[in-house]
Amino acid sequence: PCTVLLVEDDHAVRRVAGRALRAAGYRVLEAGDGESALDVWAAHAREIGVLVSDVRMPRLRGDALAARLRAERPGLPVVLM
């Protein structure tokens with residue numbers, strides 16, 4: 001299954017989104033903000049097939065996170081919410 005990096009600072013939203021993605025057959029790695037997502041990426045970059053991220057988050061916005069990850073892997077599919 002495709003691995004999704006799900007980044008959302010609201011725990012309730014992250015929980016619901018994670019459940020929905022898992023129910024659809026995805027493997028989900030979660031992070032509570034953009035900086036934490038960079039740590040998850042560093043540990044699992046080869047496995048991650050898509051980034052699903054909130055835009056407005058503390059510490060590192062979702063659009064800035066997407067730009068950093070795409071600098072490492074151009075063409076990485078990104079969904080900003």
Student: Test side-chain contact (heavy atoms from CB on, under 4.5 Å) on L6 and M81 and set out the steps.
Tutor: CA-CA 11 Å; L6 172 62; M81 11 178 226; 4.1 Å; yes
Student: What about V4 and I48, same hydrophobic cluster or not, with Ile/Leu/Val/Met/Phe/Trp/Tyr joined at side-chain heavy-atom distances under 4.5 Å?
Tutor: no
Student: Any side-chain heavy atom of L69 sitting closer than 4.5 Å to one from L5?
Tutor: yes
Student: Does the side chain of H44 reach to within under 4.5 Å of the side chain of T3, using non-hydrogen atoms?
Tutor: no
Student: Shortest non-hydrogen contact from S36 to G32?
Tutor: CB-N, 4.4 Å
Student: Please determine whether residues L60 and V7 belong to a single hydrophobic cluster, defined as Ile, Leu, Val, Met, Phe, Trp and Tyr linked transitively by side-chain heavy-atom distances below 4.5 Å.
Tutor: yes
Student: Measure the CG-CZ distance between L80 and R56 for me, rounded to the nearest 0.5 Å.
Tutor: 12.5 Å
Student: When rounded to the nearest 0.5 angstrom, what is the spacing between CG in D9 and CZ in R61?
Tutor: 11.5 Å
Student: Is V52 reachable from V40 through a run of I, L, V, M, F, W or Y residues, each pair having side-chain heavy atoms under 4.5 Å apart?
Tutor: no
Student: Starting at CG of D33, measure out to CG of D39 and round the result to the nearest 0.5 Å.
Tutor: 9.0 Å
Student: I need the R70 CZ to L51 CG distance, nearest 0.5 Å.
Tutor: 8.5 Å
Student: Please examine the side chains of Y26 and C2, heavy atoms only from C-beta on, and report whether any two atoms are closer than 4.5 Å.
Tutor: yes
Student: Could you measure the distance from the CZ atom of R59 to the CG atom of L38? Nearest 0.5 Å is fine.
Tutor: 9.0 Å
Student: Can you find a heavy atom in the side chain of E30 that is under 4.5 Å from one in the side chain of L21?
Tutor: no
Student: Tell me the closest heavy-atom pair linking G18 and V28, and the distance in Å.
Tutor: O-CG2, 4.1 Å
Student: Look at the side-chain heavy atoms of Ile, Leu, Val, Met, Phe, Trp and Tyr, link any pair under 4.5 Å apart, and say whether V55 and V50 land in one connected group.
Tutor: no
Student: Between W41 and E72, is any pair of side-chain heavy atoms under 4.5 Å apart?
Tutor: yes
Student: Please give me the minimum heavy-atom distance between S53 and G62, naming the atom from each residue.
Tutor: OG-CA, 3.5 Å
Student: Would you compute the distance between atom CG of L65 and atom CG of D54 and round it to the nearest 0.5 angstrom?
Tutor: 11.0 Å
